[in-house]
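Notes follow the structure.
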Amino acid sequence: ALKMMWSAFGALGGGKLGAKLGEQIAVAVADINRCEYCLAAHTALGKGAGLSSEVISQAQVGKSNDPKIQAALTFAVKLVKERANVAPDDIAALKKAGYSDEDIAEILAHVALNIFTNYTNVAFDVPVDFPKVALS
């Protein structure tokens, strides 16, 4: 399971969407799933990728001042909260924002991977070894 997880992180790290959006998705998903470990880790990783504290805090609650990023976060949040029950209009909104089918599949992969890591860290009650971040 860990080999699969690290391989997936490696593959997505080299993806088209980039580290910044990947970390924004990660903090949004972690917050929804109440994963303190992942929220703290991805906040630190997001800062390392060049995101400001403000941008990370906004992403944590599924928000962005950038319309294209907002579209991705809205979709990611809906995927988690609605258990992937999205509508054709949700896909159309992403395409209107400038995302291709490949990009949308990558957003889905980020969400799925982060759900797996959230559940793993919550289930095993992994101690947080990053600076703690409050859940929203």
Side-chain angles (χ1 to χ4, degrees):
L2 286 175
K3 185 176 180 181
M4 180 275 304
M5 181 180 71
W6 290 120
S7 294
F9 274 125
L12 289 174
K16 189 175 165 191
L17 296 180
K20 289 181 180 181
L21 180 53
E23 296 305 333
Q24 288 171 292
I25 292 168
V27 296
V29 173
D31 197 76
I32 294 166
N33 288 323
R34 313 302 290 164
C35 183
E36 292 177 334
Y37 185 91
C38 292
L39 179 58
H42 289 288
T43 295
L45 291 167
K47 288 178 181 176
L51 294 171
S52 70
S53 294
E54 180 184 345
V55 167
I56 295 168
S57 292
Q58 287 178 330
Q60 182 181 341
V61 294
K63 301 292 180 195
S64 174
N65 292 331
D66 180 309
K68 186 172 184 179
I69 293 170
Q70 182 61 62
L73 291 174
T74 297
F75 183 71
V77 166
K78 185 168 186 181
L79 282 170
V80 178
K81 289 185 174 181
E82 301 297 325
R83 298 179 185 211
N85 288 301
V86 296
D89 287 348
D90 297 312
I91 301 295
L94 284 169
K95 289 184 176 185
K96 184 176 180 183
Y99 292 104
S100 66
D101 286 339
E102 179 183 294
D103 298 331
I104 296 167
E106 195 171 323
I107 292 168
L108 281 158
H110 275 282
V111 170
L113 176 58
N114 281 286
I115 289 172
F116 175 73
T117 61
N118 293 170
Y119 286 11
T120 299
N121 284 294
V122 171
F124 286 104
D125 196 22
V126 176
V128 178
D129 55 359
F130 290 91
K132 289 194 177 190
V133 177
L135 294 164
S136 67

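Basis for what follows: all heavy atoms, side chains included, without hydrogens, waters or symmetry-related copies.
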Answer with yes or no whether the hydrophobic clustering places [X] together with [Y]; edges join I, L, V, M, F, W, Y residues whose side-chain heavy atoms lie under 4.5 Å apart.
| X | Y | answer |
| --- | --- | --- |
| L135 | V27 | yes |
| L113 | V122 | no |
| Y99 | V80 | yes |
| L17 | I115 | yes |
| I32 | V86 | yes |

Could you check V111 against F75 for side-chain contact (heavy atoms from CB on, under 4.5 Å), going step by step and ending with a plain yes or no?
CA-CA 10 Å; V111 170; F75 183 71; over 6 Å; no
So which heavy atom on [X] is nearest to which on [Y], and how close?
| X | Y | answer |
| --- | --- | --- |
| T43 | L39 | OG1-O, 2.7 Å |
| A40 | P131 | CB-O, 3.4 Å |
| L94 | A71 | CD2-O, 3.5 Å |
| K47 | S53 | CE-OG, 3.2 Å |

Within the distance-only criterion (no hydrogens, no angle test), does the side chain of [X] pair as donor or acceptor with the backbone N or O of [Y] below 3.5 angstrom?
| X | Y | result |
| --- | --- | --- |
| D66 | K68 | yes |
| D31 | S136 | yes |
| Q60 | A134 | yes |
| E36 | V133 | no |

Compare all side-chain heavy atoms of [X] with those of [Y] and state whether any distance is below 4.5 angstrom.
| X | Y | answer |
| --- | --- | --- |
| I56 | E23 | no |
| K20 | I69 | no |
| M5 | T120 | no |

Please assess S100 against K16 for the test side-chain contact (heavy atoms from CB on, under 4.5 Å), listing each intermediate value before the final yes or no.
CA-CA 11 Å; S100 66; K16 189 175 165 191; 3.7 Å; yes
Supply the atom-to-atom distance [X] [atom1] to [Y] [atom2], rounded to the nearest 0.5 angstrom.
| X | Y | atom1 | atom2 | result |
| --- | --- | --- | --- | --- |
| N121 | N33 | CG | CG | 11.0 Å |
| S57 | E54 | OG | CD | 8.0 Å |
| I107 | L12 | CD1 | CG | 11.5 Å |

Passing candidate, side chain to side chain contact (heavy atoms under 4.5 Å, CB included) with I25, options V77, L79, L73:
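Of the listed options, the one satisfying the test is L73.
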Listing request: all side chain to side chain donor-acceptor pair (under 3.5 Å) pairs with a residue in residues 82-94, at least two apart in sequence or in separate chains.
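Sorted pair list: K78-D90.
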Residue pairs fulfilling ring-ring contact (aromatic ring centres under 6.0 Å, His included) with at least one residue in residues 100-136, sequence neighbours excluded:
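Residue pairs passing ring-ring contact (aromatic ring centres under 6.0 Å, His included), neighbours aside: Y37-F130.
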Quick one: salt bridge (charged side-chain N to carboxylate O under 4.0 Å, His left out) partners of K96, sequence neighbours excluded?
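So K96 forms no salt bridge (charged side-chain N to carboxylate O under 4.0 Å, His left out) with any residue.
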